[in-house]
Number of protein chains: 2
Amino acid sequence: MPSSNRRVTQQDIARMTGVSQTTVSIVLNERDDAAVRIAPETREKVLQAIRRTGYVADPIARRLAAQRNRFLGVFTYEPVFPAGLGDFYHPFLVGIEECAESIGCDLLLFTSAPVIDGRRRIFSQDNRLRLADGCVLLGRWLDPQELARLIAEGQPFVSVGRRDDAGGPVPYVGADYPTATAAQVRKAVELGHRKIAYVGEGSGPESHADRYRGFVAAVAEAGVTGVRLRFTENVLDELRRQECTAVFVEEFADGALLAAEAGRRGLRVPEDLSFVALGDPTRPASTDLDFTGYRIPRREMGWQAVEVLSAILDGTGGETQRLLPCEPVEGATLAVARA
Amino acid sequence: MPSSNRRVTQQDIARMTGVSQTTVSIVLNERDDAAVRIAPETREKVLQAIRRTGYVADPIARRLAAQRNRFLGVFTYEPVFPAGLGDFYHPFLVGIEECAESIGCDLLLFTSAPVIDGRRRIFSQDNRLRLADGCVLLGRWLDPQELARLIAEGQPFVSVGRRDDAGGPVPYVGADYPTATAAQVRKAVELGHRKIAYVGEGSGPESHADRYRGFVAAVAEAGVTGVRLRFTENVLDELRRQECTAVFVEEFADGALLAAEAGRRGLRVPEDLSFVALGDPTRPASTDLDFTGYRIPRREMGWQAVEVLSAILDGTGGETQRLLPCEPVEGATLAVARA
DNA sequence: CACGTTTGTTAATGCGTATTAGCGGCGTAA
DNA sequence: TTACGCCGCTAATACGCATTAACAAACGTG
């Protein structure tokens with residue numbers, strides 16, 4: 001029954017069935033209150049018309065009127081479907097989609113967010129996150145200012161990855177980097193390592209700071225020496241000068257490069273130098289080595305982020321800040337320290 | 001100046017500045033038509049109030065008024081974010097997102113589409129596709145019945161991949177398999193192949209039928225023999241019995257398996273047996289061979305699908321059925337035919 | 001000085017839905 | 001007969017914005 005190209009509205013259904021728009025709305029929402037009720041025959045008439053026309057409620061109007069439309073937004077500062085394969089963010093999205101499906105929500109990707117200075121913005125002309133009931137924020141880094149504003153406005157959202165307070169506590173589902181990193185340090189110490197290097201920034205994004213924090217704490221606890229080095233041209237020289245026997249790399253890809261360079265210089269991995277990768281590669285990395293370290297529970301994080309968001313929307317209480325354990329990876333790059 | 005917890009509206013700004021809501025709207029949209037204009041001082045007053053309050057337009061109301069929600073739906077019969085990496089559909093989605101971003105639309109993933117008999121349905125309780133202004137349909141196979149209904153209901157949509165008519169012409173952006181396949185046949189014939197096998201179904205999804213059609217036509221044109229074989233346990237026996245010197249595989253992964261088996265039986269590829277892969281792997285395939293064949297312009301197809309959809313929505317005419325050329329891949333599995 | 005014309009602003013309306021208050025009719029009890 | 005309550009439904013309104021028609025004031029023009 002396609003007549004015009006206009007969307008079918010409740011008004012249309014109403015006219016077709018000879019009832020009021022209100023009645024259609026009531027039938028649609030299955031309101032069987034004592035307050036408002038509809039005779040079974042009327043209800044059936046309306047339902048038939050709905051089925052015949054394929055009508056569905058306009059999500060926009062629905063959200064304007066009822067403040068909800070069963071859309072969950074996904075915001076990232078970068079493309080959701082990145083060009084590079086084997087992408088770091090992919091597993092998060094798998095988890096997000098799975099959970100969204102399980103609670104019957106559609107996902108809205110904010111591809112229209114305006115790009116200014118090379119990255120997307122949450123706020124500009126308008127705050128499009130509001131198009132959805134709530135949002136999942138994805139990305140290693142999130143602008144603290146925008147975050148603060150979201151909190152101030154009371155926008156329901158959950159960050160994937162721990163976030164520092166930004167004018168208020170930020171709901172998140174993160175990975176427990178400190179614990180996972182500390183565990184690796186202890187393992188290294190058990191294998192006789194007394195001077196361990198942390199290669200990376202150790203600051204900036206929370207995920208970096210957290211790794212380093214766990215590193216520093218565990219090193220101190222074990223009474224061994226830890227040094228932090230940036231990843232530069234001559235890190236390897238510095239490592240040897242300082243006589244480090246194990247290297248903890250913040251970024252997997254850097255570790256791959258470093259290990260390859262070590263190999264070229266005649267150093268055997270792990271016999272001469274041990275490597276520990278603190279998490280999965282965020283950039284494509286090619287290596288033959290089976291790195292020791294841990295794995296970030298990305299899919300689970302995505303899933304739980306939606307779970308937390310759902311709880312927030314329902315007003316069901318519950319913890320809005322969750323840290324998930326990382327899974328240790330045995331690997332083959334951590335061995336007994338050279339004498 | 002956030003007084004209550006209610007959001008600031010244009011009405012609020014209007015009251016603060018002593019103008020009407022209309023004026024605020026006009027200032028906001030920078031409408032400097034001849035029809036409607038605002039005095040510089042008034043404009044400035046309003047802008048100041050906007051800056052002071054940090055007002056941003058409610059995107060929901062904005063889109064309700066515009067009668068366009070600027071959502072583009074993406075429907076797939078499988079999860080949009082598949083668990084398997086290196087996924088076949090990924091590049092399509094990259095293109096879709098890129099184009100959506102360029103025209104300022106958000107993407108709606110129908111994760112809530114009900115799964116019945118192991119696959120999602122477009123139609124069931126309601127037609128969720130209507131939530132968006134228009135939709136992109138993705139997948140090797142699309143239910144012709146559902147397709148027909150979409151057409152009948154006048155739903156704006158575009159299929160990625162050519163579709164046969166289904167109660168009317170289907171808008172699509174597809175790959176030109178016939179041409180690409182025929183080109184490979186000619187190449188093989190030039191290299192002396194006189195008996196060529198097509199391994200696959202050659203029917204079912206349009207993409208299979210199209211490949212086979214191109215194959216059959218080119219073989220006839222060249223006056224050589226073409227045989228079609230199913231991919232079974234003993235295809236290889238059959239191939240040798242029929243003395244085929246080249247194998248065209250519909251599905252990359254099958255080709256990988258077949259070539260490996262050939263190797264185990266002491267056949268050299270391509271010296272003893274040539275292989276041509278008709279497109280990219282839709283299933284994960286592992287092989288050391290650099291297959292000759294062609295590449296499906298997936299990203300471009302995704303991009304153009306959104307482009308066509310956008311044209312349909314705007315009422316801008318233009319071709320709604322496009323076939324894109326496949327890029328030939330030289331590879332190393334097609335050689336001069338054995339004497 | 002009557003009559004356009006331009007300029008700056010607003011009242012009214014629509015977008016599609018959800019909600020609330022209320023209305024007419026009917027049955028039952030006082 | 002009146003009073004009251006219940007049932008089934010609808011009119012009116014709100015949500016926040018964009019658009020259109022209209023209007024008042026200032027400004028020429030003949």
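So that the names make sense, note that chain A is the first sequence line, chain B the second, and so on, each numbered from 1. Since the structure is predicted, the reported quantities are computational estimates derived from the model, not experimental observations.
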Discussion item. Base, sugar-phosphate or nothing for B/A57? Non-hydrogen atoms, less than 4.0 Å.
Written reply: sugar-phosphate

Worksheet item: Atom CZ of A/R130 and atom P of D/dG16: how far apart are they, to the nearest Å?
Response: 8 Å

Practice prompt. Indicate, yes or no, whether a donor-acceptor pair under 3.5 Å links the base of C/dA11 to the side chain of B/S20.
Written response: no

Discussion item. What's A/Q67 touching, base or sugar-phosphate or nothing? Going by heavy atoms closer than 4.0 Å.
Written reply: nothing

Discussion item. Need one value for B/V19: base, sugar-phosphate or nothing, where a base atom within 4.0 Å counts as base even if backbone is also close, heavy atoms only.
Written reply: sugar-phosphate

Worksheet item: Quick one: is A/S25 getting a side-chain N or O under 4.0 Å of the C/dT17 phosphate, OP1 or OP2?
Response: no

Item to complete: Could you check A/T9 against A/V36 and say which one's nearest nucleotide on DNA chain C is further toward the 5' end?
Response: A/T9

Item to complete: Nearest whole angstrom, please: distance from the P of D/dC23 to the CZ of B/R37.
Response: 21 Å

Response to the item:
Separation of D/dG16 atom P from B/N69 atom CG, nearest Å, is 19 Å

Item to complete: Under 4.0 Å between any heavy atoms, over every strand shown, what does A/Q11 touch: base, sugar-phosphate, or nothing? Just pick one.
Response: nothing

Worksheet item: Is B/R130 paired with B/E153 through a side-chain N to carboxylate O contact shorter than 4.0 Å?
Response: yes

Item to complete: Measure the distance from CD1 on A/I60 to C1' on C/dG14 and round it to the nearest whole Å.
Response: 16 Å

Practice prompt. Look at atom CD of A/Q11 and say whether more than 12 heavy atoms of other residues, nucleotides or ligands are closer to it than 6.0 Å.
Written response: yes

Worksheet item: Taking CG from A/L28 and P from C/dT17, how many angstroms apart are they, rounded to a whole number?
Response: 8 Å

Practice prompt. Verify the contact: side-chain N or O of A/R62 to OP1 or OP2 of C/dA18, cut-off strictly under 4.0 Å; return yes or no.
Written response: yes

Practice prompt. Look at the aromatic rings of B/Y89 and B/F92 and report parallel, tilted or perpendicular, splitting at 30° and 60°.
Written response: tilted

Item to complete: May I ask you to evaluate whether A/T23 reaches the phosphate of D/dC9, defined as a side-chain N or O under 4.0 Å from OP1 or OP2?
Response: no

Discussion item. Is it the case that the side chains of A/R322 and A/Q304 hold a donor-acceptor pair, with the cut-off being a distance below 3.5 Å and no angle test?
Written reply: yes

Item to complete: Just say parallel, tilted or perpendicular for the rings of A/Y77 and A/W141, cut-offs at 30° and 60°.
Response: tilted

Item to complete: Using a cut-off of strictly less than 4.0 Å, decide whether A/Y55 has a side-chain nitrogen or oxygen near OP1 or OP2 of C/dT17.
Response: yes

Worksheet item: Does A/T22 make a side-chain N or O approach to OP1 or OP2 of D/dC9 shorter than 4.0 Å?
Response: no

Practice prompt. Give a yes/no on whether any side-chain N or O of B/T42 is located under 4.0 angstrom from OP1 or OP2 of C/dT9.
Written response: yes

Worksheet item: Whole-Å distance between C/dT17 P and A/I26 CD1?
Response: 14 Å

Discussion item. Classify B/R31 by what it touches in the nucleic acid, base, sugar-phosphate, or nothing, heavy-atom distance under 4.0 Å.
Written reply: base

Worksheet item: OP1 or OP2 of C/dA18 sitting under 4.0 Å from any side-chain N/O of A/Q10?
Response: yes

Discussion item. Tell me if the CD atom of B/E44 is crowded by more than 12 foreign heavy atoms within 6.0 Å.
Written reply: yes

Practice prompt. Measure from CG on A/D12 to P on C/dT17 and round the result to the nearest Å.
Written response: 9 Å

Worksheet item: Got a donor-acceptor pair under 3.5 Å from the side chain of B/Q21 to the base of C/dA12?
Response: no

Worksheet item: What is the distance from CG of A/L64 to C1' of C/dG14, rounded to the nearest Å?
Response: 13 Å

Worksheet entry | Touch class at under 4.0 angstrom, heavy-atom based, for A/I38 against every strand present | sugar-phosphate

